[in-house]
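Here's the structure we're looking at; comments come further down.
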Amino acid sequence: QVQLVESGGGLVQAGGSLRLSCAASGRTFSTYTMAWFRQAPGAEREFVAAIRRDGGGTTYADPVKGRFTISRDNAKNTVYLQMNSLKPEDTTVYHCAARAGLSLSVRNLLYDYWGQGTQVTVSS
């Protein structure tokens with residue numbers, strides 16, 4: 001079992017930056033592939049970024065490439081999402097997720113554990 005708790009969301013002007021954090025419980029954090037998804041009301045969860053267990057590989061959704069960076073600190077059981085050049089269309093709830101598999105999956109159904117989410121609001 002892994003429990004995930006996100007933090008770092010808030011209100012920011014367009015062009016600004018935020019860094020989201022996701023703290024995981026347990027001593028097996030380094031065995032999980034981690035990802036960030038986002039979900040608007042009434043919509044499906046949308047893949048944002050994922051990172052391999054050792055941090056050695058990442059992948060991003062096209063809308064955030066070049067603006068967002070995913071990273072992790074296995075010693076702190078934490079995964080981060082640095083979001084720069086934020087746009088109003090980035091406004092939504094962001095969730096972190098964990099899966100035991102090795103691949104950097106973009107499919108939300110393949111992730112085993114989810115956090116409650118943190119709200120990001122970007123004003124124009």
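Quick note: numbers below take in every heavy atom, side chains included, and nothing from hydrogens, waters or symmetry partners. Counting begins at 1 with the first residue of the sequence.
- In this structure, Y94 and Q119 have side chains that are not in contact, with every pair of non-hydrogen atoms separated by 4.5 Å or more.
- In this structure the side chain of L81 reaches within 4.5 angstrom of the side chain of V48, judged on heavy atoms.
- Residues Y113 and Y111 fall into different hydrophobic clusters, defined by Ile, Leu, Val, Met, Phe, Trp and Tyr side chains chained together at heavy-atom separations under 4.5 Å.
- In this structure, C22 SG and E6 CD are separated by 5.0 Å, a value rounded to the nearest 0.5 Å.
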Carefully, step by step, assess L104 and R52 under the rule side chain to side chain contact (heavy atoms under 4.5 Å, CB included).
CA-CA 7 Å; L104 295 173; R52 292 195 187 280; 3.7 Å; yes
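- Judged purely by atom type and a 3.5 angstrom limit, T78 uses its side chain to pair as donor or acceptor with the backbone of K76.
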Would you sort out whether F68 and W36 count as a side chain to side chain contact (heavy atoms under 4.5 Å, CB included), showing the intermediate values?
CA-CA 11 Å; F68 292 9; W36 287 94; over 6 Å; no
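- Under a 3.5 Å cut-off, the side chain of Q13 and the backbone N or O of S124 do not form any donor-acceptor pair.
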Tell me, with the steps shown, if K87 and R67 meet side chain to side chain contact (heavy atoms under 4.5 Å, CB included).
CA-CA 10 Å; K87 304 175 180 180; R67 300 189 298 124; 3.8 Å; yes
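- With contacts defined as side-chain heavy-atom distances shorter than 4.5 Å, the pair V122/E89 does not qualify.
- Inter-residue side-chain proximity for P63 and R38 is flagged as met; some heavy-atom pair is nearer than 4.5 Å.
- In this structure a side-chain-to-backbone donor-acceptor pair under 3.5 Å is present from S25 to Q3.
- There is a side-chain donor-acceptor pair under 3.5 Å between S17 and N84.
- Checked against a 6.0 Å centroid threshold, the rings of F47 and Y60 do not count as neighbours.
- Checked by atom type and distance alone, the side chain of S21 never pairs as donor or acceptor with a backbone atom of Y80 at under 3.5 Å.
- Here the closest non-hydrogen pair linking G117 and V93 is CA-CG1, 3.8 Å.
- Contact of the L20 side chain with the V120 side chain is registered, since non-hydrogen atoms from C-beta on lie closer than 4.5 Å.
- Looking only at side-chain heavy atoms (C-beta outward), R45 and H95 come within less than 4.5 Å of each other.
- Closest heavy-atom contact between I51 and V79: CG2-CG2, 4.2 Å.
- Panel note: side chain T121, backbone L11; no donor-acceptor pair is recorded below 3.5 Å.
- Judged by distance alone, with hydrogens and angles left aside, the side-chain atoms of T33 form a donor-acceptor pair with the main-chain N or O of G101 at under 3.5 Å.
- Inter-residue side-chain proximity for F37 and W114 is flagged as met; some heavy-atom pair is nearer than 4.5 Å.
- Within the 4.5 Å cutoff, side-chain heavy atoms of R53 are placed close to those of L102.
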From CA spacing to verdict: side chain to side chain contact (heavy atoms under 4.5 Å, CB included), M34, L4
CA-CA 11 Å; M34 300 297 297; L4 304 173; 4.0 Å; yes
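- Applying the side chain to side chain contact (heavy atoms under 4.5 Å, CB included) test to L110 and every residue at least two apart in sequence or in another chain returns R99, S105, R107.
- Between the side chain of R72 and the main chain of F29, a donor-acceptor pair closer than 3.5 Å is present.
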